[in-house]
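Within every chain, numbering begins at 1; the chains are lettered A, B, ... in the order of the sequence lines, protein sequences first and strands thereafter.
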Amino acid sequence: MTAPDYDHRAIENKWIERWESGGYYRAELQPERTKRYVLVMFPYPSGPAHMGHVANYSLGDVVARYYTRKGYNVLHPMGYDAFGLPAENAAISSGVHPSEWTRENIRLIRADLRRLGYAYDWSREFATCDPEYYRWTQWFFLKMYERGLAYKADAATNWCPSCGTVLANEQVLADGSCERCGSLVQPRWLNQWFFKITDYAERLLDDMEELEGWPERVLTMQRNWIGKSHGADVDFELVSTGEKIRIYTTRPDTLYGVTFFLLAPEHPLVDRLVAGTGREREVREFRQRMSGRTEFERTSLEAEKDGVFLGDHVVNPLNGEQVPVYTANFVLVDYGTGAVMAVPAHDQRDFEFARKYGLPVKVVIQPPDYELVSDEMTEAYEDPGAMVASGQFSGTPNEQGKQAVCDCLEENGWGKRSINYRLRDWLVSRQRYWGAPIPVIYCDSCGTVPVPEEDLPVILPEDLLLAEGGKSPLPLEESFYAAPCPRCAGPGRRETDTMDTFVDSSWYYFRFVSPRDDTAPFDSEACRYWMPVDQYIGGIEHAILHLLYSRFFTKVLSDLGLIGFSEPFSNLLCQGMITRDGAKMSKSKGNVVTPGDYLDRLGADTLRLYMLFMGPPELSKDWSDQGVEGAHRFLSRVWRMVHERYLPVLQGAGVVNDSGGARHREMRSLTHRTIASVTHDLEEFAFNTAVSFVMELVNGIYHYTSGEKADPDVLSEAVLATLSLLAPFTPFICEELWSVLGEEGSIHKQPWPAYDEELARPEEITVVVQVNGRVRDKLRVSAHIGALEMEEKAMACPNARKFIGENEIRKVIVVPGKLVNIVI
RNA sequence: GCGAGAGUGGCGGAAUUGGUAGACGCGCGGGGCUUAGGACCCCGUGGUUUUAGUAAACCGUGGGGGUUCGAGUCCCCCCUCUCGCACCA
């Protein structure tokens, strides 16, 4: 019998149409049912889907479909992170309007996602550039402003000369280049909007306890990013004026080893100190040199220590010693207090500085096993030890000494214990066009006035062209910036900066619960039901920024009393990158493969299956053309299994159940075993092995239907289980074959198959016979064999006997149902 | 430098609590079917050695030690790679 061809295209078109018109994946709020909110990080629409999207969304789709089949009420939405620089870059290079470019790309990626057969509730789709959406992004800004969490300040910003905008610290790569365009970022002082995320540093840290379903490495990365440290603030008095300068240190135990004092080049005291010393020019030149460099350049490990003496001294409160004040390149103005006590003996940076400028090195911590001599030191000693030359503290172990010194500082009013974070406030304003306008109006008499809620959204005009050099047209467009002051109705000027796109994506998962609500960012009842997200899935590249910002937003919402939880994502899965020839796919490397080609040639099911079969989700995976062919071969094999092996049996080629047949029992056992294994693996997100189990089942069915006749009932069970288990992975072919077999309804609405424990256990098992832990023989025995009988049989094995020989048997270890180890 | 993770065939990768290392797939080899096949079905496939062959022995999870009847898995030391942070006082 010849099977019809496996025509993936016809099948896909047919079922996409039916699923969508039937509203198969529409999610309804059903309070009596248990929900599962499955969310995959929404895409930035920069073109058609790429392989990374397919990998990511295929994962999410299997999870969503599996939960649906398990009986949960599943929300699985999709939208677009649609504001941002690439749209403007496209506008600059090809003249197309960012809005048009974005809408076209949404159209392209949506078409690919539909073809891939993802079970999205498309009725909830939105883009962050829709006014109905960014209205609420602006609303969030107002809430932040009301709570004092949005503020404007002069800040050393990362200016990207090529993008013509300020970047967040997070958007500057480790080598000091722009995340988007790669050009070297320059520092620039500007008045910018910030979100006060630092107010939440402690909670962002503490609440990680709740995030048991997050990968450890993501938590670690966030923890490092927040960078909490314990130490002390200490006031040093300026010799010339008696003015106090506060420093922060994590090593109060080394206070007696201070031999100089450092200020950041930008520290406000630098100018005043140097005035009248005759060193003004030197200092000015130094600062000029520093200001031309980014934080990265100045703080890279390779950069040489550099500084200038400021002509003044400070007094160490603990021992009354006077030490000189310098300004130094490696001191950061925005960490701690911008001033540092220098202990060259116990800090490598200070050590290098001291050696370069001939400053004294004073040992105040002695290692337990040898003695430091300051003149002979080639590097700082930063490890634990006992305090020496430290007055009353001498002899104290340094960890204990930290506390003692802090007590002393506090008792004398010289300083206090303090905690610092590396986390900086989030710079959210962008001097760009394609983003959500910041809803603020500046008035000469009222100052900064927020736009009233009822006046939102502040519409971003979509009919403007980018100005000269790709700059934002907003500051030049009177119809945009001219606005009456909401307070006094006098003439005002609108803020023309837009928000960082990370603001847009920090709350989109809330919007999906009620995307058409025009009275609130989200409906509280829908939110109570659907949130938090049960399973969030996305790339590891968002481990810090997006996830930290989203956590921050959720906590603010919680403080506003709008929600009753403070963590948005209960479980997180970070999937690896798709590479080709070991490298990230990129146009410049010419190693890009696009889903579209494979969708045409091999079909959506093949592509999905291959992505999931390649390896564990969290590992990065290298694309292989041969591998994807293999996936297609397997699906063809499933197709033929139904048409060439199963249908003929249904039509009378099989035998009536001869109940004694071990072959039939073995087939049933394999079926049930496979259901058990696949179910287990899906719970663990071990998709690659889940697929391999189905492959084994298919191999088993081919084996069963070769030669001897098959029992139609046994075969039915096996074939239907195959389709049922495979359906979340390859929805089209399974739905098609399901209907070919005349089964009722959609396979995607069937309950997840159950298995019979008893049947899943094979009748016969293999027992390994070891002598001294080495495999010497194998036995096929009944699964119900007892331990004693196992031992007897093992002892009788000829090969085992051979190795035992004349030796004395010291011990026999029996692992029931597994092995017998004879120790001689 | 600090932190996290990982090293298993020619390749991607499998191996509950320590219990048959290499599932499944790719690739490769052989056979069948075929005018033919790159389609399909079946078989084989870690290495070395011995054997005409059936078979068998030894070696084998980055390297070296250890615990154990038994170690890819546990412990100690070392090497390599990937990722993140990186002068944060």
Side-chain angles (χ1 to χ4, degrees), chain A residues 174 215-225 227-229 231 247-251 254 262 264 295-296 298-303 305 328-332 334-343 346-350 352-353 382 420-424 540-541 543-544 576-577 609-610 613-616 618-631 633-634 636-637 640 644 677 680 684 686 688-696 698-699 702-703 706-707 766-775 777-778 799 802 810-815 817-824:
Chain A
E216 193 53 47
R217 61 173 172 156
V218 173
L219 294 177
T220 306
M221 279 159 75
Q222 293 217 347
R223 217 170 272 128
N224 290 344
W225 192 262
K228 182 180 183 175
S229 73
I247 59 100
Y248 170 73
T249 179
T250 53
R251 294 294 304 271
T254 62
L262 300 169
E295 185 174 305
F296 169 78
R298 272 175 47 197
T299 60
S300 94
L301 277 174
E302 294 83 51
K305 302 293 169 281
N329 61 339
F330 61 93
V331 181
L332 309 172
D334 56 354
Y335 182 78
T337 61
V340 176
M341 67 177 208
V343 184
H346 306 295
D347 182 285
Q348 185 58 26
R349 299 156 296 179
D350 298 346
E352 288 167 29
F353 193 87
E382 298 180 342
N420 261 271
Y421 301 92
R422 304 167 71 157
L423 182 71
R424 314 292 167 88
I540 187 73
E541 66 274 18
I544 299 176
M577 255 188 349
L609 183 73
Y610 174 57
F613 182 60
M614 277 172 101
E618 60 279 4
L619 253 57
S620 75
K621 286 156 285 223
D622 205 60
W623 178 265
S624 148
D625 266 338
Q626 284 173 332
V628 75
E629 295 285 349
R633 200 175 306 158
F634 170 70
S636 307
R637 197 163 147 85
R640 284 190 310 272
E644 296 172 5
S677 305
H680 174 266
E684 307 280 311
N688 54 330
T689 49
V691 172
S692 78
F693 282 118
V694 179
M695 287 172 166
E696 283 182 82
V698 170
N699 290 344
Y702 268 84
H703 195 74
S706 300
T766 303
V767 167
V768 172
V769 181
Q770 297 183 329
V771 177
N772 280 359
R774 314 200 55 147
V775 180
D777 220 326
K778 289 173 188 178
N799 208 42
K802 191 174 103 192
R810 286 181 31 215
K811 165 147 92 156
V812 179
I813 289 148
V814 179
V815 182
K818 281 237 161 117
L819 63 76
V820 178
N821 188 12
I822 302 161
V823 186
I824 57 173

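Partners of A:R349 by salt bridge (Lys or Arg N to Asp or Glu O under 4.0 Å), not counting sequence neighbours, listed by chain and number: A:D347. For A:R637, there are no salt bridge (Lys or Arg N to Asp or Glu O under 4.0 Å) partners at least two apart in sequence or on another chain. With sequence neighbours excluded, the residues forming a salt bridge (Lys or Arg N to Asp or Glu O under 4.0 Å) with A:R223 are A:E216, listed by chain and number. Every residue two or more places apart in sequence or in another chain was checked for a ring-ring contact (aromatic ring centres under 6.0 Å, His included) with A:F693, and none qualifies. Partners of A:S706 under the side chain to side chain donor-acceptor pair (under 3.5 Å) rule, at least two apart in sequence or in another chain, are A:R645. Residues satisfying the side chain to side chain contact (heavy atoms under 4.5 Å, CB included) test with A:V768, not counting sequence neighbours, are A:Q770, A:V775, A:L819. Among residues two or more places apart in sequence or in another chain, the side chain to side chain donor-acceptor pair (under 3.5 Å) test is passed with A:K778 by none. Remark: A:T766 engages A:R780 in a side chain to side chain donor-acceptor pair (under 3.5 Å) (not counting sequence neighbours). Considering only residues two or more places apart in sequence or on other chains, A:E629 meets the side chain to side chain donor-acceptor pair (under 3.5 Å) condition with A:R601.
Only the C1' atoms considered, B:A15 is 26 Å distant from B:C83, to the nearest whole Å. Of the P atoms belonging to B:G25 and B:C40, the separation is 13 Å, rounded to the nearest Å. On the P atoms, B:G32 is 14 Å away from B:G38, given to the nearest whole Å. Rounded to whole Å, the separation between the C1' atoms of B:C69 and B:G63 comes to 26 Å. Taking atom C1' on both nucleotides, B:G60 is separated from B:A71 by 14 Å, rounded to a whole Å. Rounded to whole Å, the separation between the C1' atoms of B:G31 and B:C24 comes to 23 Å. Comparing the same atom, C1', in B:G22 and in B:G9 gives a spacing of 7 Å after rounding to whole Å. Comparing B:G72 with B:U16, their C1' atoms are spaced 15 Å from each other, to the whole Å.
In this structure, CZ of A:R422 is placed 12 Å from C1' of B:G84, rounded to the nearest angstrom. For the pair A:F353 CZ and B:A89 P, the interatomic distance rounds to 19 Å; values are reported in whole Å. Rounded to a whole Å, the CD atom of A:Q626 is 17 Å from the P atom of B:G10.
Under 3.5 Å, the side chain of A:R424 and the base of B:C88 form at least one donor-acceptor pair of N or O atoms. A donor and an acceptor atom never sit less than 3.5 Å apart when one is taken from the side chain of A:R251 and the other from the base of B:A89.
Comparing A:A631 and A:D350, the nucleotide of RNA chain B nearest to each residue sits closer to the 5' end for A:A631.
Between A:R774 and B:C69 there is no side-chain N or O to OP1 or OP2 distance below 4.0 Å. Regarding contacts with the backbone of B:C85, every side-chain N or O of A:R217 stays at 4.0 angstrom or more from both OP1 and OP2.
Among the protein residues, A:G630 comes within range of the sugar-phosphate backbone only, with heavy atoms under 4.0 Å from sugar or phosphate atoms but none that close to a base. Contact annotation for A:T220: backbone-only contact, meaning every heavy-atom pair under 4.0 Å involves sugar-phosphate atoms and none involves a base.
For RNA chain B, runs of at least 3 consecutive pairs of the Watson-Crick or G-U wobble type, with both hydrogen-bonding distances under 3.5 angstrom, map to B:1-7 with B:79-85, B:10-12 with B:24-26, B:27-32 with B:40-45, B:46-50 with B:55-59, B:62-66 with B:74-78.
A donor-acceptor pair under 3.5 Å links the side-chain atoms of A:D350 to the main chain of A:V343, judged by distance alone. The backbone N or O of A:D625 lies less than 3.5 Å from no partner atom in the side chain of A:Y610, so there is not a single donor-acceptor pair.
Annotated as syn: B:G9, whose glycosidic dihedral is within 90° of 0.
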#### Entry: Nucleic acid footprint by protein, nucleotides 13-22 of chain B - heavy-atom cut-off 4.0 Å, B for base, S for sugar-phosphate alone
SS----BB--

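Of the candidate nucleotides B:C88, B:A23, B:C69, B:C69 has the atom lying nearest to any side-chain atom of A:K811.
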### Query
Checking side-chain contact (heavy atoms from CB on, under 4.5 Å) for the pair A:L262/A:F330: CA distance, chi angles, key distance, verdict?
CA-CA 9 Å; A:L262 300 169; A:F330 61 93; 3.5 Å; yes

Shorter than 3.5 Å, N or O on both sides, protein versus nucleotides 39-49 of chain B: list them out with atom names.
residue	atom	partner	partner atom	Å
B:C40	O3'	A:R640	NH2	2.9
B:C41	OP1	A:R637	NH1	2.9
B:C41	OP1	A:R640	NH2	3.0
B:C42	OP2	A:R637	NH1	3.4

